[in-house]
Amino acid sequence: MTGLSPIFRRRFDEVPCTVTIVHSNETLEAHVELDGVEVNGGDQVLVHEAPTEVAFGERVRCRRTATVIRGGVLDRLWARWRGALEFNELYDLSFTPRRRP
């Protein structure tokens, strides 16, 4: 975050959400689905009382609340710029064989 004053940000408190956490051989993942609020680049989401530990082989799905803080213009631009740089790192590869005849 860029440290802009909270005056320039909109805040949504007590947004209902569903938290899903899976811990297995195939995957370790966590997802949050917000009810009625769309999140964009530069936004912050804080889930209240989210589970922090899930035993191996378990899947936890629970309802919680979250606070969403909309990013300002600089936050959105920064997120877009960083995303473009990180995406371009995927192109940094070569199909040239290591050994040449």
Side-chain angles (χ1 to χ4, degrees):
M1 294 299 292
T2 59
L4 289 174
S5 169
I7 296 170
F8 299 110
R9 296 196 178 120
R10 289 189 1 213
R11 179 183 177 121
F12 302 94
D13 293 315
E14 303 296 323
V15 176
C17 64
T18 302
V19 177
T20 305
I21 303 174
V22 181
H23 186 189
S24 67
N25 278 338
E26 295 82 29
T27 185
L28 175 60
E29 59 188 69
H31 299 277
V32 176
E33 298 172 27
L34 299 170
D35 297 349
V37 177
E38 186 176 326
V39 179
N40 298 307
D43 293 348
Q44 291 180 343
V45 177
L46 173 64
V47 178
H48 304 286
E49 300 179 20
T52 57
E53 294 184 19
V54 175
F56 183 78
E58 286 190 8
R59 174 189 177 108
V60 174
R61 186 175 177 100
C62 55
R63 296 287 294 169
R64 296 290 187 257
T65 59
T67 298
V68 178
I69 301 172
R70 291 277 186 233
V73 173
L74 292 178
D75 296 317
R76 290 193 301 270
L77 290 172
W78 177 251
R80 183 175 293 242
W81 183 74
R82 290 287 301 162
L85 285 179
E86 290 178 13
F87 181 74
N88 285 335
E89 287 180 11
L90 295 175
Y91 298 127
D92 189 21
L93 55 94
S94 173
F95 294 104
T96 309
R98 293 193 183 268
R99 293 186 294 162
R100 294 187 181 203

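Keep in mind that what you see is a predicted model, and the values were worked out from it rather than measured.
Between the CD1 atom in I69 and the CZ atom in R11 there is a gap of 5.0 Å [rounded to 0.5 Å]. We find the CG-CG distance between L46 and D13 to be 9.5 Å, quoted to the nearest 0.5 Å. Atom CZ in R70 sits 12.0 Å away from atom CG in D75 (nearest 0.5 Å).
Hydrophobic clustering (ILVMFWY, side-chain heavy atoms < 4.5 Å, transitive): V22 and V60 are in distinct clusters. Both V45 and V15 sit in one connected hydrophobic cluster of ILVMFWY residues. Membership requires side-chain heavy atoms under 4.5 Å apart, directly or through other members. Cluster annotation: V54 and L28 are assigned to distinct hydrophobic clusters (Ile/Leu/Val/Met/Phe/Trp/Tyr, side-chain heavy-atom contacts under 4.5 Å, transitive). Residues L85 and W78 share a single hydrophobic cluster, defined by chaining ILVMFWY side chains whose heavy atoms lie under 4.5 Å apart.
For E38, the CD atom counts as loosely surrounded, since its 6.0 Å shell holds 12 or fewer non-hydrogen atoms of other residues, nucleotides or ligands.
Remark: the backbone N or O of G71 is paired with a side-chain donor or acceptor of R76 at under 3.5 angstrom.
H31 and E29 are linked by a side-chain donor-acceptor pair at a separation below 3.5 angstrom, with hydrogens and angles left out of the test.
Taking each heavy atom of L34 and C17 in turn, the nearest pair found is CD2-CB, 3.7 Å. Residues H48 and R64 approach most closely at O-CD, 3.5 Å, considering heavy atoms. A79 and G41 make their closest contact through CB-C, 3.9 Å (heavy atoms, listed as atom of the first residue, atom of the second, distance).
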Would you sort out whether D35 and R63 count as a side chain to side chain contact (heavy atoms under 4.5 Å, CB included), showing the intermediate values? CA-CA 11 Å; D35 297 349; R63 296 287 294 169; 2.5 Å; yes
